[in-house]
Amino acid sequence: MIMETIGEWIAPYVQLTKEETARRLETPPDPALGDAALPCFELARALRESPQSIAAKLAEAILHPMLECRAVGAYLNVALRRERIAMQWLEAVEAPAFRAPSSPRGQRVVIDMSSPNIAKPFGIGHLRSTVIGNALRHILTADGYDVVRVNHLGDWGTQFGKMIAAYRAWGDTEALRRRPLEASLELYVRFHEEAERDPRLEDEARAWFAKLERGDEEAAALWRFFVEASRKEFRRIYDRLGVAFEYELGESFYNDKMEAVVERLQAANILEESDGARVVRLDDASLPPCLIVKSDGSSIYATRDLATAFYRRETLGGDRLLYVVGAEQAVHFRQVFEVLKRLGCEWADACEHVPFGLMRVEGKKMSTRRGRVVKLEDVLGEAVERANAVIAEKNPNLPDRERTAEAVGVGAVVFGDLKHDREGAVDFRLEEAVRFDGETGPYVQYTHARIRTLLAKSEAVSAGSAAAKPSALATDEAWALLKLLTGYPAAVREAAARLAPSVVARYALDVAKAFNRFYHAERVLADDPAEAAAKLRLARAAADTLRDALALLGVQAPERM
RNA sequence: GUCCCAGUAGCUCAGUCGGAUAGAGCAUACGCCUUCUAAGCGUACGGUCGGGGGUUCGAAUCCCUCCUGGGACGCCA
């Protein structure tokens, strides 16, 4: 908004379009230099004149009531006349439409996210897909998309053959009834331990999965038990995270849709026999072959992902299909999308893997097989407990402490994940996840709550009703905050374009920092009613922005804390 | 061996159309609550932007190459 405005005003002098001018403008390294800077090197080349003298001439030539220009070396620095424009911007930022979703695009996005495995605890590893997917749903909605979240539950596959085989060998019915997921995990871990000594167990597991796929009643009954127990536990966690899904369609849902996939591949004549299995060769795309049917005739995840893609495209009507899945599956998705392309699906290009870095715990890759998992619920519990302790210490009279502690604890964990670029690998450290100061979710929440109490107080002393005084917004701190607030729509657009929730998280941190600086430098509830009015309106706009940005990330913004 | 991702301050990370003295947070050391929430603010300390070439008026950013770490490479997902 700022660069666009300044670009438009100075474009006539630099003889470029206003878009081109705005594009070349940059933010000066030191705010004291101004609000925008135009490097004159490129102009110098075109005009065959030194950049310094061009900058100097422009500074001389530009006469605009809102601008003050100065040449510094090869740069033309432009400062806005703060008092003259502040009210206009404040009003812009206050308008409800400013932070409202942009107009509908008439495009539907289907997001594949979360996708925990049945019969295993919801580990910290699934946090990323869940919160990134959820944030993307809010951000893309704000960017005008119609978004559908699908929880692609891992409720099918050879792993269930393993569970069934393990249950039949060592299952303790009573333990399973009491603590289904812990007991399941123990069975799963034991299976892999025993299978190292006795490889025949693997064959047995595959046989059980084949039976399950063919509808064997004993296998199906066990499968239903595991699915029900898991869903119940998952729901509890999703409630805490504030995550919901438009669809919960696990892999099993596609069980009866696999044959159709194989038929399509056959019809396209791209299925080949290889070592008893059936594959699609992708050599000319420099990809390994995509395995479609295993040598025992059962399906594999690529087959399921193809069926899933068809369903999301043809039945759910997705214009874009997003897969928020770990980066380690990059090759798999490239294979699947390439196969779609070879089937003549022109929409294959609208499929996109949104990878995120692997989460390790204390430097080690998590492994369900070895029982090396950190349960998300334990982490949330620890975070909430600490939040509770902090509130007890800092604000003992806070009503509704439990609910606030929940919002802060969970907010710390969620925000802590989202503020990082999603592609980087994460080494999970509890101490990091439950931190409350510095660049954290609670810092943003705290800033928001602080403003809300300030606003409440202003009503009590009936401040802020006077006409606002523009000069109150012209101080360095107020001005920096106001400028930042104008950047909200741009931040959301960038986050949507890059599918990067971290952009919103960083933006929220910047706003919080700018507000706190402002708050410390100046008294908001000033004696002069006109000054107080302007500052209060700025503060309210900041709080609203923080609340909305946090909402995009799926983090709550308590009124008090 | 091939492919993908990453390497920026002691630690965790921003820095995406190449631009002015490379920025935060944490940690460390100081300072600031008789006025709006100190979960805050400020000051100091701290960097061969993995190494080496190249392109450019200008490179953390683009190109080449090497090194290091992580991941993936058909019957798990």
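Chain naming here is simple, since letters A, B, ... match the order of the sequence lines and numbering starts at 1 in each.
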Listed pairs under 3.5 Å, donor-acceptor, residues 270-277 of chain A side chains, sequence neighbours left out:
from     : atom 1 : to       : atom 2 : distance (Å)
A:Glu272 : OE1    : A:Arg281 : NE     : 3.1

So does A:Arg517 get a side-chain nitrogen or oxygen closer than 4.0 Å to the phosphate oxygens (OP1/OP2) of B:G42? yes
Rounding to a whole Å, what distance do you find between A:Arg435:CZ and B:A39:P? 15 Å
Above 12 or not: heavy atoms from other molecules or residues under 6.0 Å from CZ of A:Arg401? yes
Nearest-neighbour nucleotide for the A:Leu358 side chain, B:C41, B:G74, B:G71 considered: B:G71
Rounded off to whole Å, could you give me the CG-to-P distance for the A:Leu454 and B:U35 pair? 15 Å
Determine whether any donor atom in the side chain of A:Thr158 lies under 3.5 Å from an acceptor atom in the base of B:C76, or the reverse, and answer yes or no. no
Tell me which nucleotide among B:U37, B:G40, B:C75 gets nearest to the side chain of A:Thr453. B:U37
Between CZ of A:Arg360 and C1' of B:G70 the distance, given in whole Å, is 6 Å
At under 4.0 Å, does any side-chain N or O of A:Arg206 touch on OP1 or OP2 of B:C76? yes
It should be established whether A:Lys394 places a side-chain nitrogen or oxygen under 4.0 Å from OP1 or OP2 of nucleotide B:A39. yes
Distance in angstrom units between A:Arg304 CZ and B:C75 P, rounded: 14 Å
Quick tally for nucleotides 54-60 of chain B: nucleotides whose base has a protein heavy atom under 4.0 Å get B, sugar-phosphate-only ones S, the rest -, giving ---B---
Is there a side-chain polar atom (N or O) of A:Tyr446 under 4.0 Å from OP1 or OP2 of B:A39? yes
Protein-nucleotide distance (A:Tyr519, atom OH; B:A39, atom P), rounded to Å: 11 Å
For A:Lys294 and B:G74, give me the distance from atom NZ to atom P, rounded to whole Å. 15 Å
Just say parallel, tilted or perpendicular for the rings of A:Tyr301 and A:His332, cut-offs at 30° and 60°. parallel
Is A:Val408 touching bases, backbone alone, or none of the nucleic acid, heavy atoms closer than 4.0 Å? base
Please tell me which of the listed nucleotides, B:G74, B:C17, B:A77, lies nearest to the side chain of A:Arg23? B:C17
Nucleotide nearest A:Asp275 (side chain, heavy atoms from C-beta), chosen from B:C75, B:C17, B:A20: B:C75
Side chain of A:Arg334 only, heavy atoms from C-beta on: which candidate in B:C3, B:A72, B:A38 is closest? B:C3
Atom pair distance, as rounded to whole Å: CG in A:Asp305 and C1' in B:C76: 13 Å
Restricting to nitrogen or oxygen on both sides, can you table the protein-nucleotides 5-13 of chain B pairs closer than 3.5 Å?
from  : atom 1 : to       : atom 2 : distance (Å)
B:C13 : O2'    : A:Arg506 : NH2    : 2.9

Quick check for you: among B:A20, B:C36, B:A39, whose closest atom lies nearest to any side-chain atom of A:Pro29? B:A20
Is any N or O donor-acceptor pair between the side chain of A:Thr440 and the base of B:G25 shorter than 3.5 Å? no
Which nucleotide in B:C36, B:C73, B:A39 has an atom nearest any side-chain atom of A:Lys457: B:C36
Could you check whether the rings of A:Tyr188 and A:His192 sit parallel, tilted or perpendicular, using 30° and 60° as the cut-offs? perpendicular
Would one find more than 12 heavy atoms of other residues, nucleotides or ligands at under 6.0 Å from atom CD of A:Gln556? no
For nucleotides 28-33 of chain B, which of its nitrogen or oxygen atoms have a protein nitrogen or oxygen under 3.5 Å away, and what is each distance?
none

Listed range with range, the stems formed with RNA chain B by at least 3 consecutive Watson-Crick or G-U pairs (under 3.5 Å) are B:1-7 with B:67-73, B:10-13 with B:23-26, B:28-32 with B:40-44, B:50-54 with B:62-66
Could you work out which one of B:U21, B:A24, B:C36 sits closest to the side chain of A:Asp30? B:U21
Given atom OH of A:Tyr443 and atom P of B:A38, what is their separation to the nearest angstrom? 12 Å
Looking only at atom P, what distance separates B:C4 and B:U65, rounded to whole Å? 12 Å
OP1 or OP2 of B:C41 versus the side-chain N and O atoms of A:Lys513: is any pair under 4.0 Å? no
Of all residues at least two apart in sequence or in a different chain, which pass the side chain to side chain contact (heavy atoms under 4.5 Å, CB included) check with A:Glu559? A:His448, A:Arg452
Please pick, from B:G74, B:U37, B:C26, the nucleotide with the shortest atom-to-atom distance to any side-chain atom of A:Asn395. B:U37
